[in-house]
Every structure is written in structure tokens, then in C-alpha cells.
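Residue numbering restarts at 1 for every chain, and letters A, B, ... go by the order of the sequence lines. The model shown is predicted, which means the values in this text are computed figures rather than measured ones.
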Number of protein chains: 2
Amino acid sequence: MTRSTPPRARGRPGAADDADRRARILDVAIELFSRHGIAATSMSQITRAAHVAPALLHYYFGDRDRLVDTLVEERIAPAIGAIGAAVAAAPDAPRDIVRVFVRAMSEGVTAHPWFPPLWLREVLSEGGLLRDRLVGTFATPVARGLRDRFARAQAEGVIDARLDPRLLVVSLISLTLFPHAAAPVWRPLLEAGDVTSTMLAEHTIALLERALEPPR
Amino acid sequence: MTRSTPPRARGRPGAADDADRRARILDVAIELFSRHGIAATSMSQITRAAHVAPALLHYYFGDRDRLVDTLVEERIAPAIGAIGAAVAAAPDAPRDIVRVFVRAMSEGVTAHPWFPPLWLREVLSEGGLLRDRLVGTFATPVARGLRDRFARAQAEGVIDARLDPRLLVVSLISLTLFPHAAAPVWRPLLEAGDVTSTMLAEHTIALLERALEPPR
DNA sequence: CTTGAAATTGAATTGTCATTCAATTTAATA
DNA sequence: TATTAAATTGAATGACAATTCAATTTCAAG
């Protein structure tokens, strides 16, 4: 493998040279973390992909751990915040909650494709390196809010009594996050190259709306 | 960190000493791979957890790659095979397919808790190290079989016309695999410590059966 | 202009990892 | 019992990773 960019000269680069290396390092890092997992991605891999010297990472971020902290603050937290805000603003009818959540997730994921794999690996899988940093602050209020609203709707008789409101939250997240993360596998496998993000969202909404209805 | 077992003497151990190290290495390896990801797990971590010398791994399995191959052959393939067989034997009615699949998955996962995280990370996530080894041989026939049976049922009018049979397969897998892998997160978060594997399965079956029904 | 701060690099350091190898001990076979 | 095969280890090797540091270059402020 030959180096694709010529080795840069030492010293501070000229202004027009190639702007905002810091942002590019963060982009490359979150991409690699999402693709290969945080623990499996070395600093060297990041520097190679971003075409910078290893020492630059340490100049900007200190060490590995603080690089991860920075990504959480500057990239991941805002992305989750947007989804949480959309759901919080939704009306109380279960159909509306479902529709708003699915669409918000669909849009968020389109804007940030690194999100589903990263969440699967680093939050949900046991031993995930982001679990502690994200669950308490970000996931808990959204999930509990959904649970409480489903429970209230069920008490009013607008949700099938056989369903558990807590598990409904799990089902909802399963149906939105998982298909996106798994798309590279099922798309070719099920000959579903034509399925767009929107089609997926509408399928999910149709499925859930029907599932929630109480019988008769 | 002090060594928890005293360093073993060199040479072949006595028969009663501590049997079947090879099997124990495989157990430990699949557990660690499931918890931390394959790429993120070092041979040394495995040897430390299994209380054997690093060289023993190479004696039994050659190198890292062949250790993974061995795990696929001896542990993962049989586990998937059992689920595939159950589904293949199910009757053609969508309700039956769903019920058999969900229950088979639930039982398989109870017997092999390493399965969901490993599948999520190493098969479904982009860059997963098991994708190529598992998708073609194992996942494809099961997934396409399900799709075709759903499509036929839909043509006969027993499945809601708004649902896409291909995405139904995705939904089905999402609803079975994901909740198990994510359980360590949602259980405390949603105060669902009382939810058993069976309750989860029955919730999922109820949800899907209702969702499949054509309206009116 | 001069000077100091910012951005960037190559090289050095220290640790860990995968893999190999010879030595050692026990089991199985003849 | 003698001999060979199997199972296991400690130690050595070479690659690569994380981190530090001094040197270099450019920008910004005076």
C-alpha cells in the first residue's frame, strides 16, 4: 500500500492548504469507530485515514479516551438530542408517537449513517464503550417517556391489552434502529435494492399502527 | 491484578487435573468475542481468561483466523442450524411461521447467550468479521424462505397488503434478535427486571400476529 | 519587522500482541 | 519397560500501537 498523499512538510500549513483538520479527524474517527468498533480502531488507523501525523491526534485531543469524549459531545449528543426533541413534541396518541418517532429516526439516520452501527455496538452490546456515557443522560428520559405514554394510552383502551408498554418501547426501537444497521446485509440478500429509507419507515409505521389497535 | 490460578507446571497435565482445555478455550473465546468484539479481543485476553499459556492457542488452532474458523464450525453453525430447521418444519400459515420462529429464536438465545451480540456486531454491522462466513451459507436460505412464504400468504390475502414481505423478514429478525442483545440496557432502564424470555416471546408474537392481519 | 503562539511533523520510548520454538511432562503403545 | 506421541509451558522475536517531545513552519499581534 503506497501512501496516497505525499508526506506533508513539517510545520504549520498555509491557510488555503487544507482547512479544518480537527473536524476531519472527528469525521474519520466516528466513521471508523462505527465500522470497526471503538476498541478495534487504533489511533494509527485514524491518522492514516485522515492523512495526518499520529502526534496531531494527541495535540488536539490528548489521548484516546478524550477523543471519544469529544466525539460524544460534538457529534453524538447533538444527533440524539434532535430525535429526543422531535418525540417530546409529538401529540399523545400512540399512532402519532409511533409516526413521529419512526420518521425522526429515519431522518436522523439518513443524516448520520454512522449512528445505527455505533449504537448497536457501543451502547447495546454488553461491554460497549459508550453505554455508560450515553444511556443515563440521553436514552433514559426518551425511553421512559415513551413507556409512560404507551401505558397511559393502554389504560384508556387505545392499545391492545396483551402488549407490555415497556416491551413496546423495545419493539419500537428494535424496528427502527436494527433495520438500518443491518441494511448492508438484507438489501442484497432479499433483493431489496429498491427499498428506500422512506419505504422502510412507512412499512414500519403501518406494521406498528396495526399492531397497537385493540381487537374489534 | 494478581494471577488467580498458580502458574501451572510445564508439560502434559495429569488426566484428572482439569479436563478438556480445548473446549474451555472455545467457550472463553466465544464469550469474549461476543462481549468485546472479535477484532477487539486479543489472544492474550483469551489465554488469560482461560488460564492457559498463549502458546496453547497456537498449538490447538494455529493462528487467530483459524480459531475463528473453528468457532464458526463447532459452535455457531450448529446453533443457527437448529433455528433454521425449526422454521423449515413450520406450517405455512403466517401465524405459525411467526410463532415457530420467535419461539425457536427465544430458545436458541437462552441456550447460547453469546449469539445475539455476536450476530449484531460481527454479521450485521458493516465490517463485521463473520459476515462473509455466515450470511451466504446460513442466513440466505432461511431469510429467502421466509420472504417467499410471506409473499405467498400475502397473495392469498391473509397478510395486510401494505406490508412488504421482504421488510417483514427484516422486522421479524429485528424483533427477535435486537431485544435480546439490548436486554442489559433496557431491563434496568425500563424497570423490566421481571420480564422473562417467555414473556418477551409472547409479546412479540402478539404484536406480529395482530400486525399481519389484513384490516377488516 | 519582530516575536510569540498555533499547528504540524518525524523520531524516540515504552508497552503489548501474535507467533514461533525448544524444553518438559504425562499418556499411550509396543 | 522402552519409546513415541500428545499436551503444555516459558522465553524469544518482530510488528505495531499509544504516547511524548523537540524541531519546524506559518499566522497574528505588537
Side-chain angles (χ1 to χ4, degrees), chain A residues 1-29 32-33 35-71 74 129, chain B residues 1-29 32-33 35-71 74 129:
Chain A
M1 203 186 346
T2 51
R3 198 192 315 266
S4 56
T5 39
R8 182 191 324 286
R10 218 176 243 226
R12 181 168 179 161
D17 191 3
D18 155 35
D20 214 349
R21 285 170 161 62
R22 185 175 180 283
R24 202 182 50 222
I25 292 173
L26 290 177
D27 289 340
V28 164
L32 289 176
F33 285 168
R35 268 231 267 280
H36 309 308
I38 295 179
T41 303
S42 73
M43 303 290 263
S44 322
Q45 278 172 274
I46 298 171
T47 61
R48 277 194 297 269
H51 306 300
V52 295
L56 195 59
L57 260 72
H58 294 274
Y59 172 71
Y60 278 129
F61 308 107
D63 60 12
R64 238 188 105 85
D65 237 38
R66 264 178 297 160
L67 168 60
V68 175
D69 287 338
T70 307
L71 281 174
E74 299 189 18
L129 292 177
Chain B
M1 206 182 342
T2 51
R3 195 192 319 263
S4 56
T5 40
R8 182 190 323 285
R10 220 176 242 227
R12 180 169 179 160
D17 190 4
D18 155 33
D20 214 348
R21 285 171 161 61
R22 185 175 180 282
R24 202 182 51 220
I25 292 173
L26 290 177
D27 289 340
V28 164
L32 289 176
F33 283 168
R35 268 231 267 279
H36 309 309
I38 296 179
T41 303
S42 74
M43 302 291 262
S44 322
Q45 279 171 274
I46 299 171
T47 60
R48 277 194 295 269
H51 305 301
V52 295
L56 195 59
L57 261 72
H58 293 272
Y59 173 71
Y60 277 129
F61 307 106
D63 61 11
R64 235 188 108 84
D65 236 37
R66 265 178 296 161
L67 168 61
V68 175
D69 287 338
T70 307
L71 281 174
E74 300 188 19
L129 291 177

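- Taking the side chain as every heavy atom from C-beta outward, B/Ile46 and B/Phe33 approach each other to under 4.5 Å.
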What are the atom names and distances for every N/O pair under 3.5 Å that joins the protein to nucleotides 18-21 of chain D?
| from | atom 1 | to | atom 2 | distance (Å) |
| --- | --- | --- | --- | --- |
| D/dA18 | OP1 | A/Met43 | N | 3.0 |
| D/dA18 | OP1 | A/Arg64 | NH1 | 3.4 |
| D/dA18 | OP2 | A/Met43 | N | 2.7 |
| D/dA18 | OP2 | A/Ser44 | N | 3.2 |
| D/dA18 | OP2 | A/Ser44 | OG | 3.3 |
| D/dT19 | OP2 | A/Arg64 | N | 3.3 |

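- Applying the 4.0 Å criterion to OP1 and OP2 of D/dA7, one finds that B/Arg21 has every side-chain N and O outside that range.
- A/Leu57 has its CG atom 16 Å from the C1' atom of C/dG10, to the nearest Å.
- Rounded to whole Å, the distance from CG on B/Asp20 to P on D/dA6 is 16 Å.
- For C/dT8, neither phosphate oxygen OP1 nor OP2 lies less than 4.0 angstrom from any side-chain nitrogen or oxygen of A/Tyr59.
- Taking CG of B/Leu32 as the start and CZ of B/Arg48 as the end, the distance is 10.0 Å to the nearest 0.5 Å.
- Electrostatic pairing of B/Asp69 and B/Arg66 does not count as a salt bridge here, judged by no charged N lying under 4.0 Å from a carboxylate O.
- Contact between the side-chain N/O atoms of A/Tyr60 and the OP1/OP2 oxygens of C/dA6 is not found at any separation under 4.0 Å.
- With rounding to the nearest 0.5 angstrom, the CG atom of B/Leu26 is 5.5 Å from the CZ atom of B/Arg22.
- Atoms CG (A/Leu56) and P (C/dA7) sit 9 Å apart, rounded to a whole Å.
- Under the 3.5 Å distance criterion, the side-chain polar atoms of B/His58 are matched with a main-chain donor or acceptor of B/Gly62.
- Atom CE of residue A/Met43 and atom CG of residue A/Asp63 lie 7.0 Å apart, to the nearest 0.5 angstrom.
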